[in-house]
Structures are given as C-alpha cells and as structure tokens.
Number of protein chains: 2
Amino acid sequence: MTALDDRLESMLDKLRGSKYRITPQRLAVLRILVQSDAHPSVEDIYQEVIEDFPTTSLATVYKTVTLLKELGEVLEIGFGDGRSRYDGYKPYAHPHLICLQCRRIIDPDLGPMADMTAKLARDTGFRIVNHRLDFFGICPDCQADAE
Amino acid sequence: MTALDDRLESMLDKLRGSKYRITPQRLAVLRILVQSDAHPSVEDIYQEVIEDFPTTSLATVYKTVTLLKELGEVLEIGFGDGRSRYDGYKPYAHPHLICLQCRRIIDPDLGPMADMTAKLARDTGFRIVNHRLDFFGICPDCQADAE
DNA sequence: TTTTCTGCAAATGCTTTGCATGGGA
DNA sequence: TCCCATGCAAAGCATTTGCAGAAAA
C-alpha cells in the first residue's frame, strides 16, 4: 500500500508546488488514477467519483485529467476510437497488452526499449522523447468464452 | 512505379472480389492512399481528391477509408487527438516515427517484432493479432528551425 | 434494370469552453 | 479576501448515418 501512497503524495506535491488547489473532487480523481490498475477511462473515473461526491460533473473530471496530463502525472493511452484510457500509477511510457474483445489492458513485462530508441535516434536524427508499444489480441478469459 | 501499381491492383481486386463497385471517387482515394508516403489524414485525402473530382464529399472519403479498413487494405494510425492518419501502401503493422512538431510520420527500419510477440503470447496466454510501435520526437528539420 | 454509391445535411459521441457561483488557502 | 475550481450548458470537431437522387454493372 505504501507504494500507492507515495505515488499519490508525489502527485499532490506536484499540485501544491504549482498554484493548483487540492479539492475533494481532485483528490478523488487522483486516488482512482493511482489505485486502479484497470487503466480507466474518464467515464470510468467519473462513475467512481460520483459515488462519493454525487454532484461532481464530468467536465471537472476532464479538467483534472487534462491538468495531470500537462503536469506529466498521468499517461494517456488513446486509441483512434475516442475513448482514451489513463494510468496514474505509471505515468511514463510502457508497453500495454489490450484485449480487443473486453478492452482489458494489462502491463506485460518486456525488456527495456532503451537500446532500440538510441539506435533509432542515431539512424534518423530525431530527438526521441517518447514512445508507445501496444499489443492487441484476445485475453485468455475471452478465448474461453468463445468456446 | 511497378510496386505501387501492384499494390493498387491488389486493392482493386479486393473490391472486385466482393460486391463493391469501383467508382471514380473510390479510385482516386485508393491512388492517394497507395502513392502517398506521408500517411495522409482523411482531410488530406479529401483535399487531393477534389482537385480532380470537385464535387466529391468528405463523407464519401470517410466511407471509402472505412471500407478499406474493414477489408484490411489500409492501416489506421490513430492518436488520441482525433485525426487519424492512413497508410495504404503498407497496410500491416509496422513501426512509425512521428514528429511532435510538424506531425511528419516516417517508417524507420527496425528489426522484426516477431520474437517479442511470441514471448508475450507465451507469458500471458493472449492470442496476439496485432501490435503497434510508435516513437515520438522532433525531426531534424524542426530541430533546425528551433535554433 | 438492379443494386450500390454519392453527396448533402443532420446526428453522434467524446471532449472542451464560457461563465456565474462556490469554496480552498 | 482573493483567486482558483466547480458545475452546468453550450460549443467544437472528427466521424458516422439517413436518405433521395445518381450511376456502376
């Protein structure tokens, strides 16, 4: 549990360090982003937030997520389909494994991309600042359902 | 030029093989998707098409691109930002290198991802059907402009 | 001639924005 | 008290859809 608390604290510090205020709604959004390993969408976050703060608006959740994105405290995992998912626990680039059927997203263990990135920068002259590696497939549960 | 012609022919065959008709508008869209190495957006394609067929509607371009997507004849490169880009010459998964400033997209040469994919399938039980590997950075031209 | 396609406009769905009120610090 | 944040509703935008007329085959 401590790792999650640390992560939440560092998000709060980031907010406090700037001119941003910590409101109950923001705190609720941060908590969900840090604690969930399901890579929730804005709508998912909203549904959880209104359990505790029923008057919260969807716009506020959007604003908070956008703010965290700008501060680099949340990773956006967007697909063309207009329904981005977010990770507040690991806000840095890392591979994902996405089930095309149930939309589950998990974080697989793969070797680091560092050497591939360095080689690419050498070859192309780009200054590479980010990357994205996603695998799409059908998860074991969905494969079982199909039988 | 022959490789491009071959690619166009195989797209046309795919259409002819099903119940789809080859209209001037569709042919124009296919040509652009095959010939361009700029990974054009739907709007980009539309702008080119109306040079030859001024009455073409944006909806028709969308419908053609969607059809090709369903047939597996074009690769969609979508970012969260709602402005997908398309590749009709290489409709299969391959890495991209994207300039965050000018939005240029190029296809770098990297080793195959096959072994990483196989290992992941073994480790997770997923049946992996697709992947995506994108690098983001600043291209040499934009770096020069910034100086 | 038959069936699909086109082009227009309206609709959709996620996300952003403007603004008056509310509430942290 | 002073600003920033909230919440509502309206606006934005890329994309999709419905449908009548046009055009492949």
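So that the names make sense, note that chain A is the first sequence line, chain B the second, and so on, each numbered from 1.
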[options]: which one has an atom nearest the side-chain heavy atoms of [X]?
X: A:S84; options: C:dA25, D:dT17, C:dT15; result: C:dT15
X: A:A59; options: D:dA14, C:dT17, D:dT17; result: C:dT17
X: A:R26; options: D:dG7, D:dT6, C:dT15; result: D:dT6
X: A:R83; options: C:dG13, C:dT16, C:dT6; result: C:dG13

- Message: Donor-acceptor pair, distance only, cut-off 3.5 Å: does the side chain of A:R26 make one with the backbone of A:L15?
- Response: no

- Verify, without hydrogens or angle tests, whether A:R85 (side chain) and A:A38 (backbone) share a donor-acceptor contact under 3.5 angstrom. yes

- Task: Describe the nucleic acid contact of B:T60 in one word from base, sugar-phosphate, nothing, applying a heavy-atom distance below 4.0 Å.
- Result: base

- Task: Describe the nucleic acid contact of B:E43 in one word from base, sugar-phosphate, nothing, applying a heavy-atom distance below 4.0 Å.
- Result: nothing

How long is the line joining [atom1] of [X] and [atom2] of [N], in whole Å?
X: B:K63; N: D:dA24; atom1: NZ; atom2: C1'; value: 16 Å
X: A:F53; N: C:dG24; atom1: CZ; atom2: C1'; value: 14 Å
X: A:Y62; N: D:dC8; atom1: OH; atom2: P; value: 16 Å
X: B:F79; N: D:dT15; atom1: CZ; atom2: P; value: 12 Å
X: B:R16; N: C:dC5; atom1: CZ; atom2: C1'; value: 17 Å
X: A:Y46; N: C:dG13; atom1: OH; atom2: P; value: 17 Å
X: B:L15; N: D:dA25; atom1: CG; atom2: C1'; value: 14 Å
X: B:Y20; N: D:dA24; atom1: OH; atom2: P; value: 19 Å

Give a yes/no on whether any side-chain N or O of [X] is located under 4.0 angstrom from OP1 or OP2 of [N].
X: B:T23; N: C:dT6; result: yes
X: B:T55; N: C:dT6; result: no
X: A:Q25; N: D:dG7; result: yes

- Message: On the side chain of A:K19, is there an atom forming a donor-acceptor pair with the base of C:dG24 - under 3.5 Å, no angle test?
- Response: no

- Message: I'd like to know if B:R21 reaches the base of C:dC5 with its side chain, counting only an N/O donor and acceptor under 3.5 Å.
- Response: no

- Item | Geometric class of the A:H94/A:H39 ring pair [parallel <30°, tilted 30-60°, perpendicular >60°] | tilted

- Want to settle it: does B:V42 or A:S57 sit nearer the 5' end of DNA chain D, counting the closest nucleotide to each? A:S57

- Smallest heavy-atom separation, A:Q143 atom then B:R127 atom, equals NE2-N, 3.0 Å

- Are the charged groups of A:R132 and A:E76 less than 4.0 angstrom apart, N to O? no

